Amino acid sequence: MPTLWLVVSVLVLAAIGYVLGRKRALQSANGNIRELHSLPIYYGLNVAFAALLPALGVLILWLLAQPMIIDSTVSGMVPHEAIPEETTLGLVMSDVRRVASGLDAAVEQGVMTLAESHSLRAEAADIRARLGEVGVALGAEVKAEVLQAAQSYRRMTATGTHAMTLVVALLAVTGLAIAYARTHKDFRARNVVERGILVLLILAASLAILTTIGIVFSMLFETMNFFGLHSWKDFFFGGIWAPNFRGDSELSILPLLWGTLFISFIALLVAVPVGLFAAIYLAEYANNATRSFAKPLLEILAGIPTIVYGLFALLTIGPMLVDFFGKGGLLGVEWMAGATSVLTAGMVMGIMLIPFVSSLSDDIINAVPQAMRDGSLGLGATKSETVRQVVMPAALPGIVGAVLLAASRAIGETMIVVMGAGAIAKFSLNPLESMTTITTRIVSQLTGDTDFASPETLVAFALGLTLFVLTLGLNILALYIVRKYREQYE
Amino acid sequence: MNDMARVERRVGTKNAKITARDVQVHYGDTHAIKDVNVEIGDKTVTAFIGPSGCGKSTFLRCLNRMNDTIDACRVRGDILLDGEDIYDKRVDPVQLRAKVGMVFQKPNPFPKSIYDNVAYGPRIHGLARNKPELDEIVEKSLRRAAIWNEVKDRLDAPGTGLSGGQQQRLCIARAVATEPEVLLMDEPCSALDPIATAQVEELIDELRQRYSVVIVTHSMQQAARVSQKTAFFHLGNLVEFGETGQIFTNPQDPRTESYITGRIG
């Protein structure tokens, strides 16, 4: 029975449980709702949850665990001689899975009988041709060992699925029965349902945290592989980024880090003043009509996909800068060779960050109590004096936090720099030259034909982890500053 | 204390500091103040009393044009300070507020040091030419607000770290530092405990030597203790205005009598 049907039948069982639980509770109170501890709906929900939650939980865990267990058992069965020189165990295993699912498909489509599929022999039957009929293409002839492994793979999967169906169905029925038996007018169904909801919410919250931890670990393992192949000294302290496929690449993060920080710095130079002034205007000067119209308009900027900003950098800002600084430009200098440069990417990224800074700062400025402004205005200060000397100092920690958050976005930004910044890794102070960033290099190292055993590819994970640590550090610092210096207004 | 105050109440009101004529205030569609006429004397304490929502705070905020900061608020009629209309186009509300200081209901020290809180007004208006002069202004203001002895050793500490009563006296010192002629106080003791209230009340009585003080209060005892003149507001009207002793002992209007005896309010 496919998993979908299993889920549907558990759901149906839960629905039946709901109706039954409700009915039994009402019966135990002789139809008088006021004698029940909880509303009838809670008794129904209690029974439904008891049928649903343990069964579905076990189902999910089983679905996650079963392939892993079967894979490791079957791969232990494949003898060493069966693995050809040029391939790995992983490739053989994917062949095994392919054959197994091909045989299942053949049975399903009626090309083979079930008994026939189990008694196939690699020497006798042309398995490759027969599986080709049902749309499963195999790269080579199926060897006896592979077929044997595939057969045991199928057997174990079938047994596992049967066992799973049985256990899940049993759990659902047992849960329903126990909850149904406990349903009585004095049973505190409302409190039990409340606890069930709490568990559900906690599960959702921990899922997000677990995912973060999972991401970190997957990066960490690949990074450790990389440092097994490449010296960490070169990565952290070298000065050259020059990947090649001859095996003597120089892979140092420093030129990339320099490009990243330089571009982010220029982006903040654009975004912080403009965003802050926009926030001050919106929070302190604009009347309600202007505000309700201008704020959403500004926030539209935040909704534009970054690839569109990249196009804007490449097609508009870049050529415009060349018109000024390039050959035959308005200034008569020849400082800029092409449209891609640190300044191009930085300016466009700055524009992208404006709504980010302005929206956060606007909220923070609005949180400064009106009493502060009244106090200052009441002493005969003008509006801008009030903003500069009272509102800004009070809002400063929050604004610093907002700027740091914007910085961490700038550091992690990819598409704008891919299109606007160029691809040359170097140290230079000239913002009109093209440079490259960590994110751009991750993209280029992982796209195209890649070999996941070479340091040139694995370096992407080391770069990614460094980036992650960098932005995480910035975010923690931002939160720390905001918490530490937040004025406590009661 | 009541008898003491009654003796001093004879202080003349011949020199009116603020004169209001036919003042009307509208908040959007609400008519908040109706036809208010009042004369506030120099070097006296005038109390505004009345039930919540009667318009006494609104009227107080008209006197230094703080209502300008509220979009929906419209003020009509004349309010004269020393014979000049403060709502005249030539009057800069910012300059006016330096002359007519204000202390608010909740203590609102800026998140700065005690020194910077008091020095804020003088710095904005350029009252001190150098640091020693500024130091002098700060000390004088803190002394006048009767808080100097408590804070003289920690002028660099943040003003928000003081107790509620100290914060309110700091705010009074801050208002006094710009050398105002009139001091408006909007329920200055409503967030304070009885001891701090007593200190602030004592201070208000001293401030009368130099300034014209207008105080809005919910406490009739407070009005009786600190003021020489009392105005009773009800539903946006100025019902009765006169000597404090007379208002509390022999009110002319039945509404005033009902309020001070606790029958309405």
Side-chain angles (χ1 to χ4, degrees), chain A residues 276 280-295 361-402 480-490, chain B residues 60-61 63-72 92-113 116-127 141 158-161 164 167-168 170-180 183-186 191:
Chain A
L276 203 54
I280 291 173
Y281 170 72
L282 284 178
E284 297 288 328
Y285 290 86
N287 58 25
N288 270 342
T290 320
R291 194 180 143 84
S292 63
F293 156 85
K295 201 175 177 198
S361 309
D362 179 57
D363 291 344
I364 291 155
I365 292 171
N366 271 326
V368 174
Q370 184 61 31
M372 293 287 133
R373 294 182 190 96
D374 282 349
S376 174
L377 293 173
L379 287 170
T382 63
K383 223 159 185 174
S384 80
E385 283 165 346
T386 303
V387 169
R388 211 170 53 238
Q389 302 196 20
V390 175
V391 178
M392 277 298 121
L396 195 64
I399 289 169
V400 169
Y480 173 77
I481 290 177
V482 171
R483 287 225 185 105
K484 174 147 192 229
Y485 295 101
R486 178 181 289 155
E487 283 294 332
Q488 297 292 328
Y489 307 110
E490 64 280 71
Chain B
L60 188 78
R61 289 168 67 94
L63 300 182
N64 69 344
R65 292 185 62 175
M66 276 303 275
N67 284 332
D68 289 17
T69 58
I70 299 165
D71 283 334
D92 178 7
V94 171
Q95 290 293 312
L96 172 75
R97 288 182 202 135
K99 264 198 268 181
V100 184
M102 189 154 189
V103 175
F104 296 85
Q105 184 172 355
K106 253 175 73 180
N108 58 348
F110 302 136
K112 298 169 181 285
S113 70
D116 287 338
N117 261 287
V118 181
Y120 184 80
R123 277 186 182 141
I124 282 177
H125 299 293
L127 298 183
S141 309
T160 42
Q167 285 190 12
Q168 193 62 299
L170 176 65
C171 291
I172 293 172
R174 191 174 70 184
V176 165
T178 52
E179 295 288 339
L183 208 51
L184 308 178
M185 297 184 156
D186 190 356

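Letters A, B, ... are given to chains in the order of the sequence lines, protein chains preceding strands, and every chain is numbered from 1. This one's a predicted model, so the numbers in the text were calculated from it and none came from an experiment.
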Minimum-distance pair of heavy atoms, taken over all atoms of A/M372 and B/P111: SD-CD, 3.6 Å
B/Y120 and A/Q389: which non-hydrogen atoms are nearest, and at how many Å? CE1-OE1, 3.5 Å
Report the distance from atom CD of A/Q370 to atom CG of B/N108, rounding to the nearest 0.5 Å. 10.5 Å
Which bit of B/P109 is near chain A, if near means a heavy-atom gap under 4.5 Å: side chain, backbone, both or neither? backbone
On a heavy-atom basis, the closest approach of A/D374 and B/M66 is O-CE, 3.5 Å
Which answer fits B/R61, side chain, backbone, both or neither, if we ask what part of it has an atom under 4.5 Å from a heavy atom of chain A? side chain
Contact between A/L379 and B/I124 at the side-chain level, heavy atoms closer than 4.5 Å - yes or no? no
Contact check, side chains of A/N288 and B/D71, non-hydrogen atoms, under 4.5 Å: no
What part of B/V103 gets within 4.5 angstrom of chain A, counting heavy atoms only: side chain, backbone, both, or neither? neither
Side chain, backbone, both or neither: which part of B/K112 has an atom under 4.5 Å from a heavy atom of chain A? side chain
When rounded to the nearest 0.5 Å, the distance separating NE2 of B/H125 from CD of A/E385 is 7.5 Å
In this structure, which one of B/N64, B/T69, B/D68, B/V94 forms a side chain to side chain contact (heavy atoms under 4.5 Å, CB included) with A/L377? B/T69
